[in-house]
Each structure stands twice: as C-alpha cells, then as structure tokens.
Amino acid sequence: MEESVRPSSTVNGTPQHIDLQSIPLPPQRGAGNAAAVDTTSARPPYAAWESRYRAWVIGSDVFTAFVLILMSAFLIDRSDPHDMHALGTAAAFLFGLSVCRAWSPRVLGEGAEEYRTLGRGLVATAVLVALGGLLFGALAVQPWVFIVVPMISVFMFLQRYALRQVLHRRRRLGECLLPVLAAGSPDTVADLIARTKADPHVGWRVEAVCTYSGAGAERGSGEVEGVPVVGKLDDLAGHVRRGGYRVVAVTADQHWNPKRLQRLAWDLEGTSAEMVVAPMLMEVAGPRLNVSGVLGMPLLRVSAPQFTGGRRFVKEVLDRFGSALLLTLVSPLLLTIAVAIKLDDRGPVIYRQRRVGRDGHTFTMLKFRTMVTNADKLKQDLQEENEGAGPLFKMRKDPRVTKVGSMLRRYSLDELPQLLNVVSGRMSLVGPRPPLPEETVKYAPDARRRLLVKPGLTGLWQVSGRSDLSWAESIRLDLRYVEDWSLALDLVILWKTFRAVVQGRGAY
C-alpha cells in the first residue's frame, strides 16, 4: 500500500534504461558509524541523485507528452495546418502539472500520493483544454480531451512507475537513501528503525538517534537497534546542523511538548532537514488526515473513513465493468484451465466455498478446484501440520493439492472465477481477503472492521507476501486498506498485483 524516487524504461522514444549509476552519489555513512555523525560539514539541501532524478521525471514527462501531442496534431489536425489545438494542449499540460505540484520533490516517491498529484494534474490539463476550446471558439477539441490527454496519462503513469522501480533497486542496495535523525523514546525510535529497514524503498536510513536522557534502549547503552545515540533532545538542532541530515523524525515521547517542538521547528529553519512528526495514529494516513488551525492552534483532523458516497459509487462501477471486461479477455484461458482440471482427475472444475463479505453477510465464492475432491474431509487429519497464521489453515506442501492445482495456485489462476463474484456485486477487485465463517468467529473487535467493506480479488495482502505474512500483519494490512482507502490506492494495488502474481511470491 505497495512505494520514492525512480528511473527506467519508457515508450515512444523516451529513454529506456535510466542509469542512476551515473548519478554522482555523495558519501553515505553507515548506520553504526558514530564518528561520522559529528562531521562539521553539512550536506547540501539536495543530494545529486535527488536533483538528477527529478530532472529525469520532468524531462521524461515533457518529452513523452510533446511527442504524443505532435503525433496527434499530425493525425487529427493535418487538414488544418493553422490549428492551435496542439499548442494549447501543450500549454495546458505544462500549466496543469505545475499548478498541481506533480513535479514537487515532496511528492516524488511518496507512495500513492505521487500518482494522485499526477492524476490531478492530468485532469486539470483536460479541463483546461476543454475550457480553452470553448473560450476561443475551437469547438473541435473532443479528440484532444477524450483521446490525446488520456493517452498521455497512460504513458506517463507507466513512465513514473518504471522510474520508481530503478530507484527502489538502488535503495535495496543501500544507495539513494535520505539520512534520518530520529528523536523520541527508545521504544518508538526502535520501531521506526525496524520499519525503515523492512521497507528500504521508502528511502529513509536512520543514522543517529536523540533521546531525552541521551541513552539507548537499555540503561547505559549508547545505541538503539544498532544506531548510535548522539545526544539528548535538547541537543537535537546542533546535531542536525553538524550532520546535515535530510529528515528529523520526531517519534512519541512523554517529554515532547508544544513549546519544545515549536523551538525545534524554529531551530531547524535554514537547515537542509525536513521535520516530520509521527502522530499517535500510526495506521491512519492519506486523505483522512488534515492539518488546520483553530484558535491559533494547529490541529490534526482525522476524518471518518467513507464507506459510501461518490467515490464508492465510482469504485462499484469500475469493479463491475472492469471485471466484465477481464472475463471477456481471459475467457480462452478460463476454458483451457477448465479442460486441464477435468482431464487431471475427472472431478468438478469449480470449487464453491462459503465466505464472509461486507457487513458479515455470507456468499458463495467461486474458485477453480486445486485439491482432491474430498479435501475438506482430509483437512482434519492435517491439523497438526498447519503452517497458517492465526485461524488460517495453510501448508507449503499440502498433499491434497493436485498437479494442475499446484500450477494454478502458484500464479493465482485459481482465483479467476471470482471475477463472477465481482460482477455480481459480492466482491470487489481490490479489498481485504474474503474470510471463512469459522475465521470471523475468532475475530477480535479490531479485526471485524475489515468486514466494513467488500472483500477483494486482490489487496494489500496480495502484494505484500500473501501466505508468507503473519496473522497480525495480514490484519494490519487489511485494516490499513479499510481506513485509508482511495481510488489511487486501488490502482496502485492492481498494478502491483500483476508483478506479485508473475513472481509467485508467497503463494502455496
């Protein structure tokens, strides 16, 4: 909910393998290098790789858009060489993406936020082209609004994704990371360090820590999770100025108070560091969080999750039409799989199972049969070998799985009949995993919140490890989706699902 800064392949003549190796990277200190923390030469506000990456993003966007606009001008307006549609579209593109901050360093690489700002910029482009046509009497702008701008959007989203993947590969190698100084209690700082190590694609590397006492997690310790403690909270600004950190991550601590945080913000002015304060609501993010000033105080507003309304209606329409289109496209594959299952053991092709959907209502979920016909009866004999997390039953080498079923499970092809459940409205293309009735009986109150929305054919659990996830992690991802759902997040998950399925990660 998966993903930053990035470069790679493109289309229509855009550069294909962007080599970040050519970017002159500044020396980056290891997490345990305490001596380097006290360096007197602060780093520049933006490392070379950041500036170079932003240049690649802007350059590839502009190049691709202008190539497509010129091609469209030749195909659409060649009968009128004096037509200004192409020039107007190009101007609208530049203005729309600039105003919507689609090239801001703060959104590049920020998960779904980058795609949201890019989408807003492209929608603004289409609106400007349409309004310009009405204003200047160029009424034949329909092809530009409904064909050219959407075509630019498709290529641009693909480019952004490709660029991001190159950066993620570099970050997994320990390169192109932002140096972070974390400040807070040892426990919350340790949690932050663990998260940054588990998800290097985010681009943070905690290199130093400040705590209230200047000590680590254990009394007398000078480290937190292997990262040196360089001082107390009152010394924070001085260490930032000497070390040139790009991010100051403020985590929870009883000693933080408004006056101390305000003073820290003032002290960091003029440095290269961005101050990031982690609220207590660690799993609530995205469009639900807004900062506003009331009575002279900054307040963090947390809006309630929306399970109805216009966005949900759009999701419903996209689910129905999208799944119907997918069923049409993959119908030859469905027929081939059905024949293979029938020839394997002559048993039924479809396996029907009761699952729990939205608001606890049960429905019959459809899957291609991947096990022997009496698999449910044999399950009781295999309980001692259960490798599943929580109430789930899973085995890496389940003897009930057929030869054909093993291949179907590896690439999640057994899930394709669930497109019929999506068409019927029982499921969604993206959502929490559809649980069994016996699982929901064991749900804690927080886990039951995953039943507030329709279950999905894919979801954050699908792109984050599937069966390799612990029960707690599976629930956390499902709840994160329920709390922070957006159309942009759905599109990101659908895009990542293809890669996860092809690689067969966590499927058994």
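- For residues 318-335, the set of pairs meeting the side chain to side chain donor-acceptor pair (under 3.5 Å) definition, not counting sequence neighbours, comprises Glu316-Arg320, Asp319-Ser428.
- The salt bridge (charged side-chain N to carboxylate O under 4.0 Å, His left out) search around Arg355 returns none, not counting sequence neighbours.
- A salt bridge does not link Arg246 to Glu274: none of the charged nitrogens lies less than 4.0 Å from a carboxylate oxygen.
- For Arg172, there are no side chain to side chain donor-acceptor pair (under 3.5 Å) partners, not counting sequence neighbours.
- With hydrogens and angles left out, the side-chain atoms of Gln159 and Thr64 include a donor and acceptor closer than 3.5 Å.
- Under the side-chain contact (heavy atoms from CB on, under 4.5 Å) criterion, Leu329 pairs with Leu325, not counting sequence neighbours.
- Using modelled atom types, no side-chain atom of Ser412 and backbone atom of Glu415 make a donor-acceptor pair closer than 3.5 Å.
- Taking the side-chain contact (heavy atoms from CB on, under 4.5 Å) definition, one finds that Ser104 meets it with Arg101, Arg106, Val107, sequence neighbours left out.
- Residues satisfying the side chain to side chain donor-acceptor pair (under 3.5 Å) test with Thr370, not counting sequence neighbours, are Arg409.
- Scored by the side chain to side chain donor-acceptor pair (under 3.5 Å) test, Arg426 finds no partners at all (sequence neighbours excluded).
- For Val127, the side-chain contact (heavy atoms from CB on, under 4.5 Å) test picks out Val123, Leu131, with sequence neighbours left out.
- With sequence neighbours excluded, no residue satisfies side-chain contact (heavy atoms from CB on, under 4.5 Å) with Val441.
- Ion pair Arg354/Glu438 not flagged as a salt bridge, since none of the NZ, NE, NH1 or NH2 atoms sits closer than 4.0 Å to an Asp/Glu carboxylate oxygen.
- Using cut-offs of 30° and 60° on the angle between ring planes, the pair Phe93 and Trp103 is perpendicular.
- Taken from OH in Tyr443 to CG in Leu451, the straight-line distance is 6.0 Å, to the nearest 0.5 Å.
- If you check the side chains of Thr196 and Arg205, you find no donor sitting under 3.5 Å from an acceptor.
- A search for salt bridge (charged side-chain N to carboxylate O under 4.0 Å, His left out) contacts involving Asp345 returns Arg369, not counting sequence neighbours.
- Between the side chain of Arg448 and the main chain of Thr440, a donor-acceptor pair closer than 3.5 Å is present.
- Remark: Asp490 engages Lys315, Tyr481, Trp485 in a side chain to side chain donor-acceptor pair (under 3.5 Å) (not counting sequence neighbours).
- Between the CD atom in Glu225 and the CG atom in Leu192 there is a gap of 11.0 Å [rounded to 0.5 Å].
- Between Arg120 and Glu113 there is a salt bridge, since a side-chain N of the basic residue sits under 4.0 Å from a carboxylate O of the acidic one.
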